[in-house]
Number of protein chains: 2
Amino acid sequence: MKKGLSETCYRFFVNLANPARLSILEQLMNQPMSVNELAESIGQEQSMVSHNLKPLLECNFVYIKRDGKKRIYSVNKETVGALFKTVENHAEKFCPTGGKCHLKEG
Amino acid sequence: MKKGLSETCYRFFVNLANPARLSILEQLMNQPMSVNELAESIGQEQSMVSHNLKPLLECNFVYIKRDGKKRIYSVNKETVGALFKTVENHAEKFCPTGGKCHLKEG
DNA sequence: TTTTCATATGTGTTATCTTTCATATAAGCT
DNA sequence: AGCTTATATGAAAGATAACACATATGAAAA
């Protein structure tokens, strides 16, 4: 474990600690999508999706590709796949409520 | 990818998206420690460490063990080790600044 | 049982992030 | 060029979390 990893981790996890961004990543694990397709599939406004795609793109959690007027976003499966796998494993084995943890309510 | 994983992930990552909690986990990857030892090693107040240990404990990112007056905390290496490995890999391969990402400043 | 050490909890202020609405940019079509 | 579609950006209000300080609990020793 390198010194200062905490700082790297912090940016990394702050980026992920948001329900809209996680939904975006989850959707993109299925298939690449345009902004409006994402907005519809997660039930959020286009501007919100754009706002949230920005930090995901900056940290290369997602990639972008032009297609006419559209911007097709895809996910970095190596990183995001690994993360989701770790979360699933943790939820199964360690989460007392099997994934329905309550960070605050308990 | 199961439906609703986003919700699980959210709690999970919110828990991690905090510099004090990440420092705690980083320290505990080296060795189990008491609260005061943790406080000293990360340079934070005892009350802050306690506050931050609480959610880590609730989600079983860390474990606790009594030792006289002290409470010795240890880390869930399976989950936290996997996460740190993923972050390191991402920082090396994908982070444009090699781990010194700027979520906001750029 | 009082004192001390170790840790946990409560609270209010400050700082940060989220969200929405309005607007800007940008590409392609007519 | 003007229009339409697609996406990005700005800014302000509202929601949420962090932090520091004070205090409470709890265990052990005297």
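Chain naming here is simple, since letters A, B, ... match the order of the sequence lines and numbering starts at 1 in each.
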> Can you tell me how far P of C:dT9 sits from CG of B:Asn52, to the nearest Å?
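After rounding, the reported distance stands at 13 Å.
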> With sequence neighbours excluded, tell me which residues meet side-chain hydrogen bond (donor to acceptor under 3.5 Å, both in side chains) with A:Glu40.
none
> Quick one: which residue pairs count as a ring pair (Phe, Tyr, Trp, His ring centres under 6.0 Å) with a foot in residues 21-53 of chain A, not counting sequence neighbours?
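Listed by first then second residue: nothing to list.
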> Sequence neighbours excluded, which residues qualify as side-chain hydrogen bond (donor to acceptor under 3.5 Å, both in side chains) partners of B:Glu78?
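Per chain and number, B:Glu78 pairs via side-chain hydrogen bond (donor to acceptor under 3.5 Å, both in side chains) with A:Asn89, A:Lys93.
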> Working to the nearest 0.5 Å, report the span between CG of B:Leu53 and CG of B:Leu38.
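The CG atom of B:Leu53 sits 6.0 Å away from the CG atom of B:Leu38.
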> What is the distance, rounded to the nearest whole Å, between atom CD1 of B:Ile24 and atom P of C:dT7?
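Going from CD1 in B:Ile24 over to P in C:dT7 covers 12 Å.
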> Would you kindly compare A:Asp67 and A:Ala20 by the position of their nearest DNA chain C nucleotide and give the one closer to the 5′ end?
A:Ala20
> What is the distance, rounded to the nearest whole Å, between atom CD of B:Gln44 and atom C1' of D:dC21?
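Interatomic distance, CD of B:Gln44 to C1' of D:dC21: 15 Å.
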> Applying side-chain hydrogen bond (donor to acceptor under 3.5 Å, both in side chains), can you list everything that pairs with B:Thr86, at least two apart in sequence or on another chain?
none
> Between A:Phe13 (CZ) and C:dC17 (P), how many Å, whole number?
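About 17 Å, once rounded to whole Å.
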> Considering residues at least two apart in sequence or located in another chain, which fulfil the side-chain hydrogen bond (donor to acceptor under 3.5 Å, both in side chains) criterion with A:Asn18?
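Expected list: none.
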> Within less than 4.0 Å of OP1 or OP2 of D:dA18, is there a side-chain N or O belonging to B:Asn18?
yes
> Closest nucleotide of DNA chain C for A:Arg66 versus for A:Pro19: which of these residues is on the 5' side?
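Nearest-nucleotide comparison on DNA chain C picks A:Pro19.
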> What are the atom names and distances for every N/O pair under 3.5 Å that joins the protein to nucleotides 6-11 of chain D?
from	atom 1	to	atom 2	distance (Å)
D:dT7	OP1	A:Val35	N	3.3
D:dT7	OP1	A:Arg71	N	3.2
D:dT7	OP2	A:Asn36	N	3.0
D:dT7	OP2	A:Asn36	ND2	2.7
D:dA8	OP1	A:Tyr73	OH	2.5
D:dA8	OP2	A:Ser50	OG	2.9
D:dA8	N7	A:Gln46	NE2	2.8
D:dG10	O6	A:His51	NE2	2.7

